Amino acid sequence: MSNILDGLIYPPPGFHFLVVIEMFPQTPQDFRFQSVSGLSVNISTESVAEGGENRFKHQLPELPQFNKLVLKRGLFTGSFISSWCKAAIENFEFDPKNILISLLNDKHIPVAVWHVFNAYPVKVDISEFNAEQNTLVVETLELAYQYYRPMDIGLSLAAGATNVVASAVSGSLSI
(Lines give C-alpha, C1' and ligand atoms only; values in the text may rest on other atoms or scores of the structure.)
Protein backbone atom coordinates (compact mmCIF):
# COMPACT_ATOMS: atom_id res chain seq x y z
CA MET A 1 0.00 0.00 0.00
CA SER A 2 2.84 2.42 0.82
CA ASN A 3 4.28 1.96 -2.70
CA ILE A 4 1.04 3.28 -4.20
CA LEU A 5 1.09 6.26 -1.86
CA ASP A 6 4.77 6.98 -2.60
CA GLY A 7 4.02 7.08 -6.32
CA LEU A 8 1.30 9.67 -5.79
CA ILE A 9 3.13 11.84 -3.27
CA TYR A 10 6.64 11.99 -4.76
CA PRO A 11 7.48 12.60 -8.43
CA PRO A 12 9.42 9.78 -10.09
CA PRO A 13 13.20 10.08 -10.47
CA GLY A 14 14.49 10.70 -14.00
CA PHE A 15 17.38 8.22 -13.96
CA HIS A 16 15.43 5.01 -14.64
CA PHE A 17 14.11 4.96 -18.20
CA LEU A 18 13.92 2.87 -21.34
CA VAL A 19 14.22 3.96 -24.97
CA VAL A 20 12.97 1.60 -27.67
CA ILE A 21 13.36 2.50 -31.33
CA GLU A 22 10.86 0.50 -33.36
CA MET A 23 13.29 -1.30 -35.64
CA PHE A 24 14.18 -4.90 -36.26
CA PRO A 25 16.63 -6.45 -35.56
CA GLN A 26 18.16 -4.88 -32.48
CA THR A 27 21.04 -5.76 -30.20
CA PRO A 28 21.06 -5.28 -26.40
CA GLN A 29 23.24 -2.19 -26.96
CA ASP A 30 20.39 -0.55 -28.90
CA PHE A 31 18.35 -0.13 -25.69
CA ARG A 32 21.09 1.45 -23.59
CA PHE A 33 21.10 5.23 -23.35
CA GLN A 34 22.76 7.57 -20.88
CA SER A 35 20.31 10.43 -21.33
CA VAL A 36 17.29 11.61 -23.29
CA SER A 37 16.33 15.23 -23.90
CA GLY A 38 14.23 17.19 -26.36
CA LEU A 39 10.73 16.08 -25.40
CA SER A 40 9.58 19.63 -25.75
CA VAL A 41 6.82 21.39 -27.66
CA ASN A 42 6.23 25.09 -28.14
CA ILE A 43 3.17 26.82 -29.55
CA SER A 44 3.99 30.25 -30.95
CA THR A 45 1.38 32.93 -31.30
CA GLU A 46 0.68 35.40 -34.06
CA SER A 47 -0.41 38.93 -33.21
CA VAL A 48 -3.42 40.11 -35.22
CA ALA A 49 -4.75 43.63 -34.94
CA GLU A 50 -8.49 44.13 -35.11
CA GLY A 51 -9.72 47.09 -37.12
CA GLY A 52 -10.91 49.89 -34.85
CA GLU A 53 -9.48 48.23 -31.70
CA ASN A 54 -6.31 50.00 -30.55
CA ARG A 55 -6.06 48.69 -26.97
CA PHE A 56 -4.76 45.20 -27.77
CA LYS A 57 -3.91 42.68 -30.47
CA HIS A 58 -5.38 39.20 -30.61
CA GLN A 59 -2.89 36.40 -29.91
CA LEU A 60 -3.72 33.45 -32.19
CA PRO A 61 -1.98 30.09 -31.79
CA GLU A 62 0.20 28.71 -34.59
CA LEU A 63 1.23 25.13 -35.26
CA PRO A 64 3.21 23.36 -32.52
CA GLN A 65 6.97 23.23 -32.94
CA PHE A 66 8.81 20.19 -31.58
CA ASN A 67 12.48 20.28 -30.59
CA LYS A 68 15.04 17.75 -31.73
CA LEU A 69 15.25 14.56 -29.66
CA VAL A 70 18.76 14.06 -28.26
CA LEU A 71 19.89 10.58 -27.20
CA LYS A 72 23.28 9.99 -25.58
CA ARG A 73 24.98 6.66 -25.04
CA GLY A 74 28.36 5.01 -25.03
CA LEU A 75 29.77 4.34 -28.49
CA PHE A 76 28.91 0.76 -29.49
CA THR A 77 30.28 -1.05 -32.52
CA GLY A 78 27.88 -3.35 -34.33
CA SER A 79 24.77 -1.43 -33.28
CA PHE A 80 21.79 -1.34 -35.64
CA ILE A 81 21.00 2.18 -34.46
CA SER A 82 24.49 3.25 -35.55
CA SER A 83 23.90 1.62 -38.95
CA TRP A 84 20.55 3.45 -39.24
CA CYS A 85 22.26 6.77 -38.49
CA LYS A 86 25.13 6.02 -40.87
CA ALA A 87 22.69 5.31 -43.73
CA ALA A 88 20.97 8.64 -43.13
CA ILE A 89 24.08 10.79 -42.70
CA GLU A 90 26.42 9.19 -45.25
CA ASN A 91 24.00 7.88 -47.91
CA PHE A 92 21.08 10.30 -47.41
CA GLU A 93 18.77 7.27 -46.94
CA PHE A 94 16.19 8.32 -44.38
CA ASP A 95 14.02 5.64 -42.79
CA PRO A 96 11.81 7.28 -40.12
CA LYS A 97 11.19 5.20 -37.01
CA ASN A 98 8.82 5.54 -34.07
CA ILE A 99 10.35 5.66 -30.60
CA LEU A 100 8.92 4.77 -27.19
CA ILE A 101 10.44 6.54 -24.20
CA SER A 102 9.33 5.12 -20.85
CA LEU A 103 10.03 6.51 -17.40
CA LEU A 104 10.19 3.50 -15.06
CA ASN A 105 9.59 3.05 -11.35
CA ASP A 106 11.73 0.95 -8.98
CA LYS A 107 9.92 -2.20 -10.15
CA HIS A 108 10.74 -1.42 -13.83
CA ILE A 109 7.09 -0.61 -14.58
CA PRO A 110 6.39 2.44 -16.78
CA VAL A 111 4.92 5.38 -14.91
CA ALA A 112 4.97 7.64 -18.00
CA VAL A 113 5.42 6.85 -21.69
CA TRP A 114 5.94 9.12 -24.68
CA HIS A 115 5.45 7.90 -28.26
CA VAL A 116 7.65 9.82 -30.71
CA PHE A 117 6.52 9.59 -34.34
CA ASN A 118 8.65 9.40 -37.50
CA ALA A 119 12.06 10.22 -36.05
CA TYR A 120 15.16 10.22 -38.21
CA PRO A 121 18.79 11.15 -37.52
CA VAL A 122 19.99 14.65 -38.42
CA LYS A 123 23.21 14.80 -36.41
CA VAL A 124 25.71 12.39 -34.88
CA ASP A 125 28.34 13.69 -32.48
CA ILE A 126 31.21 11.67 -31.00
CA SER A 127 32.75 12.95 -27.77
CA GLU A 128 36.31 14.15 -27.44
CA PHE A 129 39.21 11.69 -27.31
CA ASN A 130 41.54 12.79 -24.54
CA ALA A 131 44.66 10.91 -23.42
CA GLU A 132 44.61 12.72 -20.06
CA GLN A 133 41.17 11.49 -19.01
CA ASN A 134 39.80 8.04 -18.33
CA THR A 135 36.29 8.49 -19.80
CA LEU A 136 34.04 6.55 -22.12
CA VAL A 137 33.42 7.68 -25.67
CA VAL A 138 29.88 9.09 -25.83
CA GLU A 139 27.81 9.08 -29.01
CA THR A 140 25.15 11.80 -29.20
CA LEU A 141 22.31 11.24 -31.67
CA GLU A 142 20.09 14.14 -32.63
CA LEU A 143 16.78 13.14 -34.21
CA ALA A 144 14.15 15.24 -35.92
CA TYR A 145 10.57 14.02 -35.51
CA GLN A 146 7.05 15.01 -36.47
CA TYR A 147 5.47 15.03 -33.00
CA TYR A 148 5.18 13.09 -29.79
CA ARG A 149 2.19 12.01 -27.79
CA PRO A 150 2.12 11.04 -24.11
CA MET A 151 0.52 7.61 -23.83
CA ASP A 152 -2.26 6.79 -21.40
CA ILE A 153 -0.87 4.02 -19.19
CA GLY A 154 -3.91 3.39 -17.08
CA LEU A 155 -6.04 6.18 -15.76
CA SER A 156 -8.13 3.56 -13.96
CA LEU A 157 -5.04 2.57 -11.94
CA ALA A 158 -4.34 6.21 -11.10
CA ALA A 159 -8.00 6.80 -10.22
CA GLY A 160 -8.00 3.73 -7.98
CA ALA A 161 -4.82 4.88 -6.25
CA THR A 162 -6.30 8.35 -5.79
CA ASN A 163 -9.35 6.80 -4.10
CA VAL A 164 -7.04 4.86 -1.78
CA VAL A 165 -5.22 8.07 -0.84
CA ALA A 166 -8.50 9.92 -0.29
CA SER A 167 -9.77 7.10 1.93
CA ALA A 168 -6.52 7.04 3.90
CA VAL A 169 -6.60 10.79 4.45
CA SER A 170 -10.25 10.74 5.56
CA GLY A 171 -9.47 7.94 8.00
CA SER A 172 -11.85 5.35 6.59
CA LEU A 173 -8.97 3.09 5.52
CA SER A 174 -6.26 1.87 7.83
CA ILE A 175 -2.85 1.45 6.26
Side-chain angles (χ1 to χ4, degrees), residues 2-4 6-44 61-155 157-158 161:
S2 66
N3 287 339
I4 292 173
D6 288 343
L8 294 173
I9 296 172
Y10 301 108
F15 60 81
H16 191 37
F17 60 91
L18 177 66
V19 178
V20 178
I21 298 177
E22 295 176 359
M23 64 173 33
F24 184 79
Q26 290 190 27
T27 62
Q29 293 88 349
D30 291 328
F31 296 102
R32 297 179 181 160
F33 288 93
Q34 173 185 340
S35 69
V36 176
S37 62
L39 282 175
S40 176
V41 62
N42 180 35
I43 297 179
S44 301
E62 294 182 338
L63 292 175
Q65 298 171 352
F66 293 87
N67 286 346
K68 303 270 191 303
L69 186 64
V70 179
L71 305 174
K72 291 184 181 184
R73 67 183 189 159
L75 180 66
F76 288 107
T77 57
S79 164
F80 289 103
I81 292 176
S82 296
S83 300
W84 175 59
C85 293
K86 182 179 177 180
I89 302 296
E90 293 180 5
N91 303 331
F92 213 66
E93 296 174 2
F94 294 94
D95 183 17
K97 304 287 185 190
N98 294 338
I99 300 173
L100 287 172
I101 300 169
S102 303
L103 185 60
L104 307 174
N105 66 11
D106 60 338
K107 298 194 179 12
H108 315 294
I109 298 170
V111 294
V113 178
W114 295 267
H115 197 178
V116 178
F117 293 90
N118 295 322
Y120 57 91
V122 294
K123 181 179 178 182
V124 176
D125 184 40
I126 306 299
S127 67
E128 170 187 38
F129 303 143
N130 188 337
E132 295 178 353
Q133 295 180 355
N134 183 13
T135 59
L136 296 175
V137 176
V138 176
E139 175 182 43
T140 302
L141 309 175
E142 192 171 306
L143 309 175
Y145 60 96
Q146 288 180 337
Y147 65 99
Y148 72 85
R149 179 174 294 149
M151 295 180 68
D152 179 15
I153 56 169
L155 289 178
L157 177 63

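Being a predicted model, the structure only gives us computed values, none of them experimental.
- Once rounded to the nearest 0.5 Å, the distance linking CG of L71 with OG of S37 reads 8.0 Å.
- Every side-chain contact (heavy atoms from CB on, under 4.5 Å) that K86 has, sequence neighbours left out, goes to E90.
- Side-chain atoms of Q26 never come within 3.5 Å of backbone atoms of V20 as a donor-acceptor pair (strictly under, hydrogens ignored).
- Here the closest heavy-atom approach between residue A144 and residue V122 is recorded as CB-CG1, 3.8 Å.
- For S40, the side chain to side chain donor-acceptor pair (under 3.5 Å) test picks out N67, with sequence neighbours left out.
- Residues that satisfy the side-chain contact (heavy atoms from CB on, under 4.5 Å) test with V111, not counting sequence neighbours, are P12, L103, N105.
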For a quick test of your reading: what N or O donor-acceptor pairs under 3.5 Å do the side chains of residues 125-137 make, sequence neighbours left out?
{"residue": "S127", "atom": "OG", "partner": "V138", "partner atom": "N", "Å": "2.8"}
{"residue": "N130", "atom": "OD1", "partner": "E132", "partner atom": "N", "Å": "2.8"}

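- Applying the ring-ring contact (aromatic ring centres under 6.0 Å, His included) criterion to F66, with sequence neighbours excluded, gives Y145, Y148.
- Residue pairs satisfying the ring-ring contact (aromatic ring centres under 6.0 Å, His included) criterion with at least one member in residues 69-104, sequence neighbours excluded, are listed as follows: F92-F94, F94-Y120.
- Judged purely by atom type and a 3.5 angstrom limit, S79 uses its side chain to pair as donor or acceptor with the backbone of I81.
- Partners of D95 under the side chain to side chain donor-acceptor pair (under 3.5 Å) rule, at least two apart in sequence or in another chain, are K97.
- The CD1 atom of I99 sits 8.5 Å away from atom CE of M23, with the distance rounded to the nearest 0.5 Å.
- Contacts of Q29 classified as side chain to side chain donor-acceptor pair (under 3.5 Å), with partners at least two apart in sequence or in another chain: T27.
- Shown here are the side chain to side chain donor-acceptor pair (under 3.5 Å) partners of Q34, two or more places apart in sequence or in another chain: there are none.
- In this structure, the side-chain contact (heavy atoms from CB on, under 4.5 Å) partners of P96, at least two apart in sequence or on a different chain, are N118.
- When all heavy atoms are compared, the tightest approach of V124 to C85 is CG2-CB, 3.9 Å.
- Scanning both residues, Y147 and R149, for their nearest heavy atoms gives CE1-NH2, 3.8 Å.
- The distance from atom CD1 of I21 to atom CG of L141, rounded to the nearest 0.5 Å, is 7.0 Å.
- Scored by the side-chain contact (heavy atoms from CB on, under 4.5 Å) test, I43 finds P61, P64 as partners (sequence neighbours excluded).
- For the atom pair CG (N42) and CG (L63), the distance works out to 12.0 Å, reported to the nearest 0.5 Å.
- Among residue pairs with one or both ends in residues 25-34, those qualifying as salt bridge (Lys or Arg N to Asp or Glu O under 4.0 Å) are D30-R73; sequence neighbours excluded.
- The shortest side-chain heavy-atom distance between H16 and D106 does not fall under the 4.5 Å cut-off.
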